[in-house]
Amino acid sequence: MNMSDNNLMEKIVSLAKRRGFIFPGSEIYGGLKGTWDYGPLGAELKFNIKQEWWKAMVKNRDDVVGMSASIIMNPKVWEASGHVAGFNDPLIECKTCHQRFRADQEDIIAEHEKLHKEKKEKTDWTEEKKFNLLVEVKLGAVEGEKNTAYLRGEITQGVHVNFKNILNSSRLKIPFGIAQIGKAFRNEITPGNFTYRSIEFEQMELQYYVKPDEKKSMEYYEFWKNFRMDWYKLLGINSDNLRFREHQKNELAHYAKAAWDIEYKTPFGWKECEGIHHRGDWDLSQHQKFSGQDMSYFDEETKEKYLPWVIETSGGVDRAALFFLIDAYYEEKDPAKNGASRIVLKLNSKLAPYKAAVFPLLANKPELVKRAREIYDDLRKDFMVAWDDRGNIGKRYYSQDEIGTLFCITIDFQTLEDNTVTVRDRDTMKQERIEIKDLSQYLVKKL
Ligand code: ATP
């Protein structure tokens, strides 16, 4: 990423649309503010992010299990969690044009005031009022007897209300975690910065239950904080573009014992990517109170009964996808082509939508196409592979660079004679000849 590039966001948005990563939601109807649709490559990228998250957080761990809760829950859940009363943003309205804004987003407000100033208008604001972010849905088959429920505002509560179910159906012992990935919905007053703030988005979260103990719980907290930061770095985000930020006292939820964000340096400033929160026993004690059910844990060894404390890691899949895209975006000179420039997405091999692309050198030579097709079909069994037979090879390379494909494999006339193909590396642009029988192993090794 070139941080000096003021138009970087425009370029990312344009590439995302042009190549099928992300489209504006329901675009043919003029869109719907704050919603986005993922195209073939975007869906692949998001799938890979979720898969890597699940591998690191569930599959490779003895102490974490996964679950998948319902999006619509009994409305009492949101009373207990405090969302009905307290999940509010401060809202102000511009008296001139009646647009509504979040009072705490000073940069966006300043921009709006500047717009009116340019038109020689004054900007007057209404008093601040509280605006609840929960998205309501009406349930019930009989008109007039509808019940109000909510689309979940966070995926967190689906885990906590199932704490006992999971405990009773598994052999887990504290400390242990429950992980979940899924959609959440918020009536954001000012969605924006592309997918960064949307009204519908996906979260990936861990709720890690520990014994109530100040010192020990902070050790777990530190562990997860660092573990999550390392996850982004291991998947290729430049360390200079990541930092921790501790929540100020006035930002802290009243129950939170500690809260830090992992932030990413975007072209629109340092922005939250994931939060790591020490939630104490807030969730379980609230659900115990509101449901009347015993939510405590019994420690067989010490014969103690207690409400566990919770360390939470809460990240956004869409934000991660956006930050991975921004971080991977490069414009480079290609020395082989008299310095012509190329756009390349240097996505980590685990995240890139396509691991390889297969090209027959000439699309009008059936013997080349047939051989290429055989190789393509063979590689597809193990890897996500693209096929391209349009235009010249140079154009195909650039087209694959732009979407982050790691290797381009060309089948030419020499292939028909000696069973070798050209493999070109996305990052070095170097080409080597590889025997077809070694191709799969070559990719496994490189990836
Ligand atoms: P913000 O301060 O940006 O509104 P938040 O602190 O309310 O975010 P959390 O409630 O901690 O966010 O949610 C956890 C994660 O979910 C965030 O770190 C982010 O990655 C993601 N997230 C939250 N709100 C949105 C949104 N409107 N659009 C996309 N992702 C979101």
Side-chain angles (χ1 to χ4, degrees), residues 22 24-25 32-38 42 46 49-50 53 57 78 81-83 86-91 101-108 130-135 150-160 179-207 224-225 228-229 231-232 237 242-248 250-256 258-264 266 268-279 282-283 310-326:
I22 305 168
L32 177 67
K33 203 172 175 199
T35 66
W36 299 93
D37 295 339
Y38 288 77
K46 256 178 96 167
I49 291 171
K50 289 187 270 185
W53 189 89
M57 305 297 286
W78 304 107
S81 67
H83 283 76
F87 195 38
N88 300 315
D89 274 343
L91 177 144
F101 294 89
R102 238 174 92 168
D104 58 350
Q105 289 177 337
E106 281 135 22
D107 44 343
I108 297 176
K130 283 184 177 162
F131 180 78
N132 193 285
L133 299 182
L134 284 177
V135 178
Y150 307 98
L151 298 179
R152 62 184 174 193
E154 61 178 28
I155 62 170
T156 323
Q157 299 310 323
V159 170
H160 295 309
Q180 183 177 209
I181 300 177
K183 290 237 175 176
F185 303 80
R186 293 183 189 175
N187 234 333
E188 295 280 0
I189 300 164
T190 37
N193 286 321
F194 197 22
T195 56
Y196 173 74
R197 188 175 299 288
S198 315
I199 58 175
E200 172 178 342
F201 52 94
E202 254 179 311
Q203 294 185 309
M204 38 191 185
E205 287 193 349
L206 169 73
Q207 307 299 319
W224 283 112
K225 202 174 123 198
R228 292 305 306 145
M229 176 63 101
W231 184 83
Y232 290 98
I237 295 218
L242 286 166
R243 71 172 188 196
F244 282 119
R245 187 184 70 86
E246 186 176 13
H247 279 210
Q248 305 296 308
N250 62 353
E251 287 178 276
L252 272 184
H254 59 279
Y255 52 82
W260 289 71
D261 288 343
I262 296 174
E263 292 190 332
Y264 177 74
T266 73
F268 44 96
W270 283 97
K271 294 288 172 190
E272 173 179 340
C273 181
E274 172 155 348
I276 296 96
H277 312 125
H278 189 320
R279 300 175 71 99
W282 163 257
D283 305 277
V310 171
I311 311 297
E312 168 190 68
T313 72
S314 173
V317 182
D318 308 84
R319 280 192 193 174
L322 176 60
F323 298 162
F324 281 121
L325 280 177
I326 295 173

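First listed ligand is number 1; within each ligand, the first listed atom is number 1.
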Query raised in the report: Side chain or backbone of A184 under 4.0 Å from ligand 1, or both, or neither, by non-hydrogen atoms?
Result: neither
Report task. Would you please say whether a donor-acceptor pair under 3.5 Å links the side chains of S314 and E154? Result -> no
**Report entry** For S314, the ligand 1 atoms whose distance to one of its heavy atoms is below 4.0 Å
**Finding:** 13 (O), 14 (C), 15 (C), 18 (O)
Report summary line: Quick look: E154 vs ligand 1, heavy-atom contacts under 4.0 Å, and the answer is neither
Query raised in the report: Cut-off 3.5 Å, side chains only: do Q207 and E312 have a donor facing an acceptor?
Result: yes
Report summary line: Any heavy atom of R186 under 4.0 Å from ligand 1? The part involved is side chain
Requested in this report: Quick one: look up the protein heavy atom nearest atom 22 (N) of ligand 1 and list residue, atom name and how far away it is.
Outcome: F201 CE1, 3.5 Å
**Report entry** Shortest non-hydrogen contact between A320 and Y232, atoms and distance
**Finding:** CB-CE2, 4.3 Å
Report summary line: Heavy-atom closest pair (S81 atom, W282 atom, distance to 0.1 Å) is O-CZ2, 3.4 Å
Report summary line: Correct closest heavy-atom pair for E188 and D89 would be OE1-OD2, 4.2 Å
Query raised in the report: For ligand 1, is there an atom lying under 4.0 Å from some heavy atom of E202?
Result: no
Requested in this report: Within a distance under 4.0 Å of any heavy atom of C273, pick out the atoms of ligand 1 and give their elements.
Outcome: 18 (O), 20 (O)
**Report entry** Sub-3.5 Å N/O-N/O distance, G316 and ligand 1
**Finding:** yes
Query raised in the report: Sequence neighbours excluded, which residues qualify as side-chain hydrogen bond (donor to acceptor under 3.5 Å, both in side chains) partners of Q203?
Result: none
**Report entry** Distance-only N or O hit between ligand 1 and S198, under 3.5 Å
**Finding:** yes
Report task. Could you tell me the residue and atom name of the protein heavy atom closest to atom 29 (C) of ligand 1, and the distance to it rounded to 0.1 Å? Result -> Y196 O, 3.2 Å
**Report entry** Taking every non-hydrogen atom, the tightest pair across P191 and I199
**Finding:** CG-CG2, 4.4 Å
Query raised in the report: How close do E205 and W53 get, heavy atom to heavy atom, and via which atoms?
Result: O-CH2, 3.2 Å
Report task. Mark yes or no: R245 above the aromatic ring of W270, with NZ or CZ under 6.0 Å from the six-membered ring centre and no more than 45 degrees from the axis. Result -> no
Report summary line: Counting heavy atoms under 4.0 Å, the part of R319 that contacts ligand 1 is side chain
Query raised in the report: Among all protein non-hydrogen atoms, which one is nearest to atom 4 (O) of ligand 1, and what is the separation to 0.1 Å?
Result: R197 NH1, 2.8 Å
Report task. Identify which of H277, Q105, E272 has a heavy atom lying nearest to atom 17 (C) of ligand 1. Result -> E272
Query raised in the report: Centres of the F268 and Y196 rings: under 6.0 Å?
Result: yes
Query raised in the report: Would you say G315 has any N or O atom under 3.5 Å from an N or O of ligand 1, going by distance alone?
Result: no
**Report entry** Nearest-contact summary for atom 16 (O) of ligand 1 - protein heavy atom, Å
**Finding:** Q203 NE2, 3.1 Å
